[in-house]
Each structure stands twice: as structure tokens, then as C-alpha cells.
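Beneath this line is the structure, given in C-alpha cells, with notes to follow.
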Protein chains: 2
Amino acid sequence: MKIGELSRSTDTKVTTIRFYEEIGLLNRPARTASGRRTYTTGDVERLNFVRNGRRLGFSIEEIRSLIALASEPNRDCGEAMTIASCHLAAVEERLEQLTALRDELAVMSRDCDRQRIADCRVIHTIARPVGSPISIGLSPARAGRAMSCEGHATAREASSAASSRLRRSAFRSE
Amino acid sequence: MKIGELSRSTDTKVTTIRFYEEIGLLNRPARTASGRRTYTTGDVERLNFVRNGRRLGFSIEEIRSLIALASEPNRDCGEAMTIASCHLAAVEERLEQLTALRDELAVMSRDCDRQRIADCRVIHTIARPVGSPISIGLSPARAGRAMSCEGHATAREASSAASSRLRRSAFRSE
DNA sequence: CTTGCTTCTACAGTGACTGGAGATTGTAGG
DNA sequence: CCTACAATCTCCAGTCACTGTAGAAGCAAG
């Protein structure tokens, strides 16, 4: 099985597979005479394990530990349980934060009367002094495929946010 | 007001303030003769705006747009509303994903009988073929201050994950 | 004068990929 | 056999939103 087929059968991009190999999450596969990677069904299982782990939100390092544990069938599974329940607790905390966030966003959207910026509830809510103690670790706007939110932020004149972040200092004062 | 005071009064790290300046989210402040940045109350407001926006999960680019909008009080606020409600929709989607995730994690933790790895429900759940269509964009384990989940993943022997990711190929096969 | 704090610049690192350049290999059709 | 095109290869830079470090300089108090 070549990398393309592995990619298709695990719904993982080719570059991601190579990345997993580089960081040691996948074993280095055998190569053909011309240097192409060849995979076995064991590799498919392993990659599925990694992908499921990621889908469940485990970090690469957590998955690395879980793989190591999985390869010792006679060990006590306490450590795996610790990783899982710890992660569960983290997810529950983020759920709470995200719920609070959603409520705040919903209020500000609901209350805005859609008139002038000067009276805009959205702008005013964000502009208020550093208020409520909700401090969130949300990584925002990764959005991806599901949302059609593109183009609102970038469309104005930051369109040339081309390459280096150092070049982005086309900043505009108020 | 020097950068340290601005940092304290907005609960923002000094390095973050300088970062915001570099990318043009904050105006370049005046400097003392020796080159220290000096800030005004206007800068405090602006930084609060940015911080509140971030806390609400808006991206830097969205905040950039919102700042531009906020500086034109007589404009229609439709665009601000679009950004906000679009973001709200994204947050709601993530909430759903995260809830599904939590349920899955809860089941696997609950059902594990804490015996041998070979029977561990956690391991088996992750090892199953690429199943349910939940595809999540969660960035995991950023965790930070609130959780005490450190050391489970990194403690084993990846402790020398020192500098370059290229050096991390101390990979172990199964 | 010395100690210790703050601030400065410049740059590398994080996590988990993603994308591109430029080269090579494999395969199918003409 | 030649040509097109797809798949693969390596290498490296970019993403996002910061965070941290090194090494130098400034500043106030004892």
C-alpha cells in the first residue's frame, strides 16, 4: 500500500502522514527501490488510532503515551484512564467557558438595534473596560470548512497580508 | 504611563503588548528620550477593546476590522453585526462538536473496568477503525493554568523533547 | 556605587499541521 | 518510443496568537 492509498483509507492528508512519521508517531515504513513508502495493514491501524485520538482531542504527546501503553497488553490501564479522565475534565471546562462565551455573544447580537456604529451594542460590549472574570483559552476562528464566515475581516484592506508578519505594520491609527 | 503599568491595568503581558504594536493592533506609542514607550488613557481603552475581543474569541483580523468600524461612529453597524453573528454561529458549532466529544469521552471513561490494558475501554475505543463522522477542529490540551493534567504524557521518556522538532525522531516502534 | 527592577531589541519556539518549489518516478495513451 | 499527467519524493517556510530567551541599557533606592 502506497501513501496515497493510506491517505484515502484513513482520511488523512499525505503531508500529515509524513508529518506523523517525522515526529515518530508512525513507524518509518519500508521503501520501494525508488524510495516510495510502502505501508502494511498494521500501519493503517496505527494511523487510525492516531486519528481517532486526535479527533477526540488528545494531544500528540498524549497519543504517544497511549500508543506506548497499548503495546503492553498486560499492564494495568490506570495510566490510560488517568490520561482520558484528565482530558475529559479539560473538555468539560472548555465547554463551560464556551457556553458562557456563546451567551455573551448572543446577548450582544440580540440587543443591537442595527443602527449607527455609535450605538452598536456589539462595539459597545467589546469596548467596555476589562470586565467579567471569564478568561478563556479558546483558540478562535479556526472555523475551517463548515462556516462561511470568510472575507469579513480580511476583505477590507488587509488583503495584502501576504508573507511576513513583520510586513503587516500597515497599521492605521484612529 | 509606561508599558509595565499598562500591562498591569489591562492584565496583558508586556510581550503581548509589544506584539500587538508590531502587528498594528495598537498605535505606536510616543517614546521617552531613552526610548521607553509611553501610553495614554486612549491606549488603555484600545487595548481593553482588543483584550475583550480576544476573550470573546474574535480573531486578530476580526478585531482589526472591528476597530476600523468603531472609528466611524456614523456608519451603519451592519458589518459589525455580521462579524459578531457569524462568530456566534461558529461558536455554537464548536459547542456542539465539543459536547459530542465530551459524551464520547465520558462513555469510554465510565465503561472502563480498570483492569489490564488488553481490556481497557479507553484504548479499545481509540483503536477502533475510523468510525463516527464527528470531525472536530478542537485545538487540544492548551489547558493552561486551570488543569493539573501535566506530566502524564511528557513524563515517560519524551522528556528530552528539547529543541528542534526534527530531533524528536527518537521514535519507538511497537 | 551597587543592587535589582524595568525596559529595550531581536529572534526562536510552541502545536499540529499545511502548502509550495522543484525534482523524480510510474503509468496510460498515441 | 514519446509525451502527458499523476503520484511521490525532500526540503523548507508559513499559519495563529502569542511566549520566552539573551544580552544590553536605563532607572531608582540604599
Is the closest basic N to carboxylate O distance between R64(A) and E61(A) below 4.0 Å?
yes

Return the value, rounded to whole Å, for the distance between atom CD1 of I23(B) and atom P of dT19(D).
12 Å

Set of side chain to side chain contact (heavy atoms under 4.5 Å, CB included) partners for R31(B), sequence neighbours left out:
E21(B), R37(B)

Can you tell me if R37(B) touches the phosphate of dC8(C), counting only side-chain N or O atoms and a distance under 4.0 Å to OP1 or OP2?
yes

Could you give the CD-to-C1' distance, from E61(A) to dA16(C), as a whole number of Å?
11 Å

Does dA16(C) have OP1 or OP2 sitting under 4.0 Å from an N or O in the side chain of Y20(A)?
no

Assign each of Y39(A) and T16(B) to its nearest nucleotide of DNA chain D by heavy atoms, then name whichever residue's nucleotide is nearer the 5' end.
Y39(A)

Candidates dT10(D), dC17(C), dA7(D) - which lies nearest the side chain of R36(A)
dA7(D)

I need the NZ-C1' distance between K2(B) and dT6(C), as an integer number of Å.
7 Å

Whole angstroms only, please: what is the CD-C1' distance between E22(B) and dT9(C)?
10 Å

Only one of T16(A), T10(A), T15(A) passes side-chain hydrogen bond (donor to acceptor under 3.5 Å, both in side chains) with T12(A); say which it is.
T10(A)

If you check the R51(B) side chain, which of dG19(C), dC18(D), dT24(C) turns out closest?
dC18(D)

Mind checking whether R46(B) and L26(B) have side chains closer than 4.5 Å, heavy atoms only?
yes

Which comes earlier along DNA chain C counting from the 5' end, the contact point of V50(A) or that of T32(A), where each point is its nearest nucleotide?
V50(A)

Closest approach to the side chain of F19(A), judged atom by atom: which nucleotide of dT18(C), dG26(D), dT8(D) is it?
dT18(C)

Using whole Å, report how far CD of E5(B) lies from P of dT7(C).
9 Å

Would you kindly give the CG-to-P distance between L25(A) and dG15(C), to the nearest whole Å?
13 Å

Tell me whether the OP1 or OP2 atom of dG26(C) has a side-chain N or O from S34(A) closer than 4.0 Å.
yes

Measure from CZ on R55(B) to P on dC18(D) and round the result to the nearest Å.
14 Å

Between dT9(C) (P) and I17(B) (CD1): distance, integer Å
13 Å

V44(B) and side chain to side chain contact (heavy atoms under 4.5 Å, CB included): which single residue from L47(B), T40(B), N48(B) fits?
N48(B)

Below 4.0 Å: OP1/OP2 of dG20(D) and any side-chain N or O of K13(B):
yes

So T15(B), base contact, sugar-phosphate only, or nothing? Heavy-atom distance under 4.0 Å.
base

Between R18(A) and dC9(D), is there a contact of a side-chain N or O with OP1 or OP2 at under 4.0 Å?
yes

